[in-house]
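Here the structure is a predicted model, which means the values were calculated and not measured.
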Amino acid sequence: MTVEKVLVISVNQSQKSERQFQSSLDELISLCKTAGGVVQHVITQNRDRIHPATYIGEGKLQEVAQIVQNEEIDLVVANNELSAGQVRNLADTLDVRVLDRSQLILDIFAMRAQTKEGKLQVELAQLEYLLPRLHGQGANLSRLGGGIGTRGPGETKLETDRRHIERRIYDIKRRFQLVVKQRDQYRKRRRANDVFQIAIVGYTNAGKSTIFNRLTKSHSLEEDQLFATLDPLTRRIQLPGGLKSLITDTVGFIQDLPTALIAAFKSTLEEVREADFLLHVVDISDPDLSQQQETVRKLLTELDAGHIPVLTVYNKKDQLKADFFLANQFPNIQISALKEEDLQALLVKIEEVLKEEWDLFDIVLDSSEGDLLYQLQSAALVVKKELLEETNQFHVQGYVRKDHPFHRFVEEK
């Protein structure tokens, strides 16, 4: 892949703190790297509001134009969403391709999508993002020769008229209805079987896929890049006490995730909403972890998943430079996903948290109810099981989910 020379422009508005602004800027530079570019220059400007016509002011624009010309910059990326007019005006003045933050994220998603559904979701998001900006793309389209911002629908589709794009959006949405129905049926089957479901959530590049792979002995993509995982994967795991569960690795969250992307990936993100328990993975070594935690919490609320029990997993403790770390989320555990003993400690911690959430039961089963005992061990957290020799019965203690069918059974017992 050809490495493109990128210049980043960013407006620091007064409502954002210096730390928030720098965090957003660092993230954009990482996004450019993930997309296959190298950031040569970062030009920032302090303004109360973004310039309505050119995003940055006239003086800064001339400064950027000079750098673009002198250093043969391939691409200019803005750290905010741009209107059609802003894209057109910047592209005309700079005579180079111009993207905004949202387009860059969409482009990375187009690069990462592996499954048919994932590719359709990205194309839908790109087309819905493009449609209201169509009349601003003229200059940009004439410069499309491959590279960052050109993945996904492709040049020929982008050059066709609005009606073609609207028809394509309609077609993708119609195909999605079938996919959503299939997903719903799959979820209903899982619900009918009352399988306990865990979803791994967190900021992009926090180490979610590494934890998922180590716990499930899988081989999903692990990279030190943003959005290494796009298509969700679900596998079976068993907790130390015998409880069987499904665990899902999900797409990473990020600040200012494009609305079109959240809408397009709704069916995928519903895996989070359908979960019984969340592992919120946080990179303990990242200086912006507070901001990242807040972004994840906000998105979980938007997805109607804010009520689901959460264990915060502070990952990458081996990369922590400070002597100690003061956690602000509870319950929590600090681990390195690369250490087997830490992963075992994580599974034990999950059980501990579930015991706090679930109801205690203490029952006696006849020896003829062996099948029931086996089911109970798979669906509940059994902490004690002993054979009462004088009566030939099993004395069982454990914890069961409030909404599980076994809950009524153990109550009746």
Query raised in the report: Considering residues, nucleotides and ligands other than Tyr374, do more than 12 of their heavy atoms fall under 6.0 Å from its OH?
Result: no

Query raised in the report: In terms of side-chain heavy atoms, does Asp276 have a donor or acceptor partner in Gln197 at a distance below 3.5 Å?
Result: no

Query raised in the report: Lys208 side chain to Tyr203 main-chain N or O, any donor-acceptor pair under 3.5 Å?
Result: yes

Requested in this report: Answer with yes or no whether the side chains of Ser23 and Gln291 bring together a donor and an acceptor at under 3.5 Å.
Outcome: no

Requested in this report: Quick one: do Glu4 and Arg97 satisfy salt bridge (charged side-chain N to carboxylate O under 4.0 Å, His left out)? Show the steps, please.
Outcome: CA-CA 11 Å; Glu4 295 185 70; Arg97 281 184 296 121; 2.3 Å; yes

Query raised in the report: Are side-chain N/O atoms of Asp26 and Gln22 paired as donor and acceptor at under 3.5 Å?
Result: yes

Query raised in the report: Between the side chains of Thr234 and Thr248, does any donor sit under 3.5 Å from an acceptor?
Result: yes

Query raised in the report: Does Glu356 use its side chain to pair, donor to acceptor, with the backbone of Val353 at less than 3.5 Å?
Result: no

Query - N/O donor-acceptor pair under 3.5 Å between Gln45 side chain and Ser10 backbone - result: no

**Report entry** Closest non-hydrogen atom pair, Glu72 against Lys5
**Finding:** O-CE, 3.3 Å

Query raised in the report: Just checking, any donor-acceptor pair under 3.5 angstrom between side chains of Asn12 and Thr44?
Result: no

Query raised in the report: Can you check side-chain contact (heavy atoms from CB on, under 4.5 Å) on Ile73 and Val6, steps first, answer last?
Result: CA-CA 6 Å; Ile73 297 293; Val6 181; 5.8 Å; no

Query - Flag for Glu81-Tyr55: side-chain donor and acceptor within less than 3.5 Å - result: no

Query raised in the report: Is there a donor in the side chain of Gln329 and an acceptor in the side chain of His280, or the other way round, less than 3.5 Å apart?
Result: no

Report summary line: For Leu243 and Ser378 the tightest heavy-atom approach is CD1-O, 3.4 Å

Query raised in the report: Do the non-hydrogen side-chain atoms of Val39 and Leu7 ever get within less than 4.5 Å of each other?
Result: no

Query raised in the report: Side-chain contact, heavy-atom cut-off 4.5 Å: Arg168 with Ile165?
Result: no

Report task. Examine distances only and state if a side-chain atom of Asn89 and a backbone atom of Gly85 form a donor-acceptor pair shorter than 3.5 Å. Result -> yes

Query raised in the report: Going by atom types alone, do Gln292 and Asp286 pair a side-chain donor with an acceptor below 3.5 Å?
Result: yes

Query raised in the report: Is any side-chain heavy atom of Phe394 closer than 4.5 Å to a side-chain heavy atom of Leu388?
Result: no

Query raised in the report: Judged by atom type as modelled, is there a donor-acceptor pair below 3.5 Å linking the side chain of Arg47 to the main-chain atoms of Arg49?
Result: yes

Report summary line: Nearest heavy-atom approach of Ala110 to Gln126 is CB-NE2, 3.9 Å

Report task. Considering non-hydrogen atoms only, spot the tightest contact between Leu31 and Ile108 and give its length. Result -> O-CD1, 3.3 Å

Requested in this report: Check whether any side-chain heavy atom of Leu28 sits under 4.5 Å from a side-chain heavy atom of Arg101, and report yes or no.
Outcome: yes

Query - N/O donor-acceptor pair under 3.5 Å between Glu369 side chain and Gln393 backbone - result: no

Query raised in the report: Do the non-hydrogen side-chain atoms of Arg88 and Ser83 ever get within less than 4.5 Å of each other?
Result: no

**Report entry** Side-chain heavy-atom pair Val42, Ile29 within 4.5 angstrom cut-off
**Finding:** yes

Query raised in the report: Is there a donor-acceptor pair closer than 3.5 Å between any side-chain N or O of Asp249 and the backbone N or O of Leu233?
Result: no

Requested in this report: Look at atom CD of Glu386 and say whether more than 12 heavy atoms of other residues, nucleotides or ligands are closer to it than 6.0 Å.
Outcome: yes

Report task. Might you point out which heavy atoms bring Ala305 and Val272 nearest each other, and give the distance in Å? Result -> CB-CG1, 4.1 Å

Query raised in the report: Partners of Phe196 by ring pair (Phe, Tyr, Trp, His ring centres under 6.0 Å), sequence neighbours excluded?
Result: Trp358

Requested in this report: Would you indicate whether the side-chain heavy atoms of Tyr314 and Asn332 approach each other to under 4.5 Å?
Outcome: yes

Report task. Ignoring hydrogens and angles, state whether a donor on the side chain of Asp342 or Ser336 is under 3.5 Å from an acceptor on the partner side chain. Result -> no

Query raised in the report: Is there side-chain contact between Phe277 and Leu311, with at least one heavy-atom pair below 4.5 Å?
Result: yes

Query raised in the report: Step by step, would you call Asp283 with Ser285 a side chain to side chain donor-acceptor pair (under 3.5 Å)?
Result: CA-CA 5 Å; Asp283 180 353; Ser285 67; 2.6 Å; yes

Query raised in the report: Between the side chain of Asn79 and the main-chain N/O of Ile9, is any donor-acceptor distance below 3.5 Å?
Result: no

Report task. Examine the side chains of Ser368 and Asp366 and answer whether a donor and an acceptor come within less than 3.5 Å of each other. Result -> no

Query - Within 6.0 angstrom of Lys385 NZ, more than 12 heavy atoms from elsewhere - result: no

Query raised in the report: What pair of heavy atoms forms the shortest contact from Ile284 to Leu320, and how long is it?
Result: O-CD1, 3.5 Å

Query raised in the report: Taking atom types as modelled and ignoring hydrogens, do the side chains of Gln293 and Asn328 form a donor-acceptor contact shorter than 3.5 angstrom?
Result: yes

Query raised in the report: Short question: side chain of Thr34, backbone of Ser30 - any donor-acceptor pair under 3.5 Å?
Result: yes

Query raised in the report: Checking Lys355 side chain against Ile350 main chain: does a donor-acceptor pair fall under 3.5 Å?
Result: no

